[in-house]
Amino acid sequence: MQKDLEIKFLSDFEQNQNIAHKICRVYTTNQSAHNDLFQEITIQLWKNYPKFRGDSKFSTWMYRVALNTAISLYRKSTRTVKTQDISDFAYKIKATDYDDTEEIQLKALYKAIHKLNDIDKALIFLYLEDKPYKEISETLGISSVNARVKMNRAKEKLKNILNP
C-alpha cells in the first residue's frame, strides 16, 4: 500500500512540480533559499499526501500546501537577522545587443511582489498562473467574492509600488 501511495505521489508531484518552483521564486530572493523552500514544500506535500482526499484537483491542493509552507517559513524568516546577498553587488557584463527590457520588467514585478503581504503575494501569484477566482478562493480558503475584492486591492498596491 505504501509503495502504491509513493508511486501515485511521485507521479502527481512530477506533473505539477513547477507550482512549487514558482512559489519558491515569489517567496525567495536567491537560489539557496529557493532550494531550501522547494525541499521543505516537497517534504510537507509528502507528509500530507495521505490526507489528500481528492475533493479538489491535486494542483489546487498542492498550491494550498505549498503556499502555506512558504508563508510559514517567510514569517519565521522575518524574525531573523537580515543579510544581503553578495550577488546583489556582483559586477555583471551586459551584452550590447541583448534587450533586457522584459527581464528588467520581470525583476521589477517580482521586487514589487516581495513588498506585498503574504495573502496578497499568494493572490497575485495565483492570478499570474491564470487560476480562476473559484480555484483561488478554494486554495486560500476564502470566498470567491472576497478573493475578487482582495485581488483588486492587491493589484492597486502593485500599481502604486511600480508607479509611485
Side-chain angles (χ1 to χ4, degrees), residues 12-13 15-49 51-85 87-88 99-164:
D12 288 343
F13 182 77
Q15 291 174 12
N16 295 283
Q17 70 177 315
N18 283 340
I19 292 169
H21 282 295
K22 291 173 185 176
I23 289 172
C24 291
R25 177 134 189 218
V26 169
Y27 284 92
T28 61
T29 57
N30 61 52
Q31 190 61 44
S32 176
H34 178 106
N35 294 343
D36 290 345
L37 180 56
F38 183 82
Q39 181 178 8
E40 186 60 31
I41 288 171
T42 305
I43 290 167
Q44 292 304 317
L45 286 166
W46 171 243
K47 282 173 54 178
N48 290 293
Y49 192 69
K51 299 174 192 169
F52 175 58
R53 297 183 310 263
D55 294 342
S56 61
K57 292 190 293 186
F58 176 81
S59 61
T60 301
W61 175 79
M62 184 175 178
Y63 274 115
R64 185 173 209 145
V65 172
L67 283 168
N68 286 339
T69 302
I71 289 169
S72 295
L73 290 178
Y74 175 77
R75 287 182 177 157
K76 286 179 188 175
S77 73
T78 58
R79 296 183 207 132
T80 60
V81 176
K82 296 283 186 196
T83 59
Q84 189 108 26
D85 187 37
S87 66
D88 293 343
D99 183 11
D100 61 351
T101 306
E102 187 175 322
E103 184 178 329
I104 290 170
Q105 290 173 338
L106 191 57
K107 283 182 180 182
L109 178 63
Y110 275 103
K111 189 174 180 180
I113 290 172
H114 281 285
K115 293 179 182 180
L116 298 175
N117 65 42
D118 295 339
I119 298 298
D120 289 346
K121 281 182 188 178
L123 281 165
I124 294 296
F125 171 74
L126 292 170
Y127 178 78
L128 291 174
E129 288 292 303
D130 287 329
K131 297 299 174 188
Y133 281 105
K134 183 178 186 316
E135 191 170 335
I136 291 172
S137 66
E138 288 173 8
T139 303
L140 298 178
I142 59 177
S143 71
S144 185
V145 172
N146 195 1
R148 290 177 193 274
V149 170
K150 287 182 177 286
M151 181 64 70
N152 286 332
R153 290 179 183 159
K155 287 180 188 176
E156 193 61 36
K157 287 178 190 175
L158 267 181
K159 284 179 191 174
N160 290 335
I161 292 169
L162 292 170
N163 301 313

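Positions are given from 1, in the same order as the sequence printed here.
Across all their heavy atoms, L158 and A112 have their closest contact at CD2-CB, 3.6 Å.
Put simply, the side chain of N146 never gets that close to the backbone of I142: no donor and acceptor are under 3.5 Å apart. Proximity of a side-chain donor or acceptor of R148 to a complementary backbone N or O of S143 within less than 3.5 Å is not detected. When atom types are taken as modelled, the side chain of N16 and the backbone of D12 share a donor-acceptor pair closer than 3.5 angstrom. Side-chain atoms of Y27 come within 3.5 Å of backbone atoms of D118 as a donor-acceptor pair (strictly under, hydrogens ignored).
Between H114 and Y110, the two ring planes are tilted [angle within 30° to 60°]. Classified by interplanar angle (parallel below 30°, tilted 30° to 60°, perpendicular above 60°), the ring pair Y49/F58 is perpendicular.
Annotation: side chain of W61 is in contact with side chain of N48 (closest heavy-atom distance under 4.5 Å). I124 places a side-chain heavy atom less than 4.5 Å from the side chain of M151. F125 places a side-chain heavy atom less than 4.5 Å from the side chain of Y63. Annotation: side chain of C24 is in contact with side chain of I41 (closest heavy-atom distance under 4.5 Å). The shortest distance between side-chain heavy atoms of K157 and K115 does not fall below 4.5 Å.
Side chains of N35 and Q39: no donor on one and acceptor on the other come within 3.5 Å.
For K57, the side-chain contact (heavy atoms from CB on, under 4.5 Å) test picks out S59, T60, E135, with sequence neighbours left out.
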